[in-house]
Amino acid sequence: MSPSDDSSQQGPDAAGEPPAPSDPLAPSDPLAPKAAPDDSPLLTARGIRKSFGDNEVLRSIDLDVRRGEVVVLIGPSGSGKTTVLRSLNGLETPDGGTISFAGGPELDFAKPLPKGARFALRDRSAMVFQQHNLFPHMTVLQNVIEGPQRVQRVPKAQAIAEASALLDRVGLAEKRDAYPFELSGGQQQRVGIVRALALKPDLLLFDEPTSALDPELVGEVLSVIKELADEGWTMVVVTHELGFARQAADEVLFMDGGVVVERGAPGDIFTKPTEERTRRFLDRILRPMD
Amino acid sequence: MASGWQLFLESFWPIVWGGLSGTIPLALASFVIGLVIALAVALARLSKNRVLSAIGRFYVSVIRGTPLLVQLFVIFYGLPAVGVVIDPWPSAIAAFSLNVGGYAAEIIRAAILSVPKGQWEAGYTIGMSNATTLRRIILPQAARVSVPPLSNTFISLVKDTSLASLILVTELFRVSQEIAAFTQDFMLLYLEAALIYWLFCLALSSGQNALERRLDRYVAQ
């Protein structure tokens with residue numbers, strides 16, 4: 001959970017980057033369209049910086065997400081992936097940089113934030129947590145309708161109908177009156193996904209959605225996320241599941257030491273990474289015993 | 001000894017009635033008001049506002065650092081000296097509420113802190129404000145955690161209300177004192193009072209167990 005876990009290792013290359021408009025380490029122009037050309041940009045983040053005390057977790061991160069695009073962040077733990085994701089949802093406040101959603105204001109974190117800035121971000125995006133963070137005192141259905149009903153003021157009957165349809169889609173219709181502790185880890189995480197979907201966000205954020213699951217439960221959660229991706233949901237996914245990244249991602253960002261080391265189509269990143277650090281990371285993940 | 005047994009039986013219901021009409025209402029009213037004070041003080045202590053949090057800390061420190069009997073006497077015997085005259089019952093409720101407020105504030109603060117940070121974040125990510133997250137997500141979970149220590153506080157309070165006998169409130173202990181003064185059978189009547197307090201507290205403990213079981217299903221992980 002802690003965003004600053006063990007990232008004391010520093011990239012050797014942080015020198016002279018602060019005001020750079022794009023990541024100097026990126027081998028290719030990060031703005032070059034990779035998705036279908038008619039896809040319009042949904043999210044633009046520029047120069048996101050964040051430190052926890054002396055620990056510089058993010059050093060100028062740029063991120064573009066187009067509508068319908070699936071962006072996957074990979075990298076060693078402590079590389080800053082989760083902090084990027086949390087910044088997009090207003091759970092962390094960057095020290096500098098800008099974030100804007102299409103049609104919304106640009107938030108400049110170097111300046112004092114306008115009141116309600118974090119709500120503006122949460123209006124557009126919804127987060128699925130590693131530890132699901134379901135509300136233990138509420139049933140599955142109550143968990144899902146809480147946001148639509150209490151925050152978005154959707155009439156209760158409508159919220160229930162929509163929640164039931166979503167639960168049905170992930171195969172949990174009969175669990176709607178169960179409490180979270182009565183569910184398996186995979187079921188809990190699927191409810192966590194439905195809770196995010198029920199908010200009808202423009203952007204879904206997944207923070208290592210399968211890392212806390214037993215191995216045999218990973219598949220059921222990944223297949224739900226893959227289906228959502230196929231349906232055209234826009235999402236940013238932090239994960240260690242490289243197989244998922246390869247299948248579902250439109251763009252993969254490899255992060256290390258608070259910078260984006262390399263970004264590109266999954267086919268390129270996984271088969272012919274240009275950066276040595278990417279290669280080493282992939283080797284470690286794919287052949288951990290060597 | 002026959003007369004002793006008879007005195008026990010004859011005084012039993014008057015003393016129990018003193019408990020039902022004096023001790024229990026006094027404890028209940030003070031506890032409810034005290035919880036409201038405690039929640040406010042706990043939130044003040046947790047606040048990022050330094051002044052608020054210092055006020056909360058000061059309040060808890062004063063309440064915990066002074067005897068309840070002294071607090072009671074300040075309100076009932078002290079305040080009239082500055083022109084504030086309060087009847088016995090309101091004085092007692094005021095003193096006990098303020099006292100519970102200090103002790104329960106720490107319990108509630110700890111209970112709020114015991115709810116995982118992820119629960120706050122889950123509330124935020126579905127768009128809730130701080131206040132809504134606190135009310136809808138955090139406090140219901142904190143409530144379960146605080147049932148055992150708050151029950152403890154309540155049971156202590158039930159016994160502490162015997163102090164109100166010193167400011168002329170007719171409650172369980174005052175009734176037994178009055179009978180004892182009349183019959184001069186102090187040992188019997190004070191033991192009888194102790195027994196009846198104990199019976200009350202046994203009933204409250206079983207109520208606590210039932211409440212815990214009821215709330216348990218909400219938090220099992």
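Chain A is the first sequence line, chain B the second, and so forth, proteins listed ahead of strands; every chain is numbered from 1.
Of the atoms belonging to A/Glu146, heavy atoms from both backbone and side chain fall under 4.5 Å from chain B. Neither the backbone nor the side chain of B/Thr132 has a heavy atom closer than 4.5 Å to any heavy atom of chain A.
Panel note: side chain A/His137, backbone B/Leu139; no donor-acceptor pair is recorded below 3.5 Å.
Nearest approach of B/Tyr124 to A/Arg122, heavy atoms of both residues: O-CD, 2.9 Å. For A/Val151 against B/Met128, the heavy-atom pair with the smallest separation is CG2-CG, 3.7 Å. Between A/Phe135 and B/Ala122, the shortest heavy-atom distance links the atoms CE2-CB, 3.6 Å. Residues A/Met138 and B/Arg136 share a closest heavy-atom pair of CE-O, 3.7 Å.
Here the OG1 atom belonging to B/Thr125 is positioned 9.5 Å from the CG atom belonging to A/Asn133, to the nearest 0.5 angstrom. The CD1 atom of B/Ile126 sits 8.0 Å away from the CG atom of A/Asn143 when rounded to the nearest 0.5 Å.
Atom OH of B/Tyr77 has more than 12 neighbouring heavy atoms from other residues, nucleotides or ligands inside a 6.0 Å radius.
The shortest side-chain heavy-atom distance between B/Glu121 and A/Met127 does not fall under the 4.5 Å cut-off.
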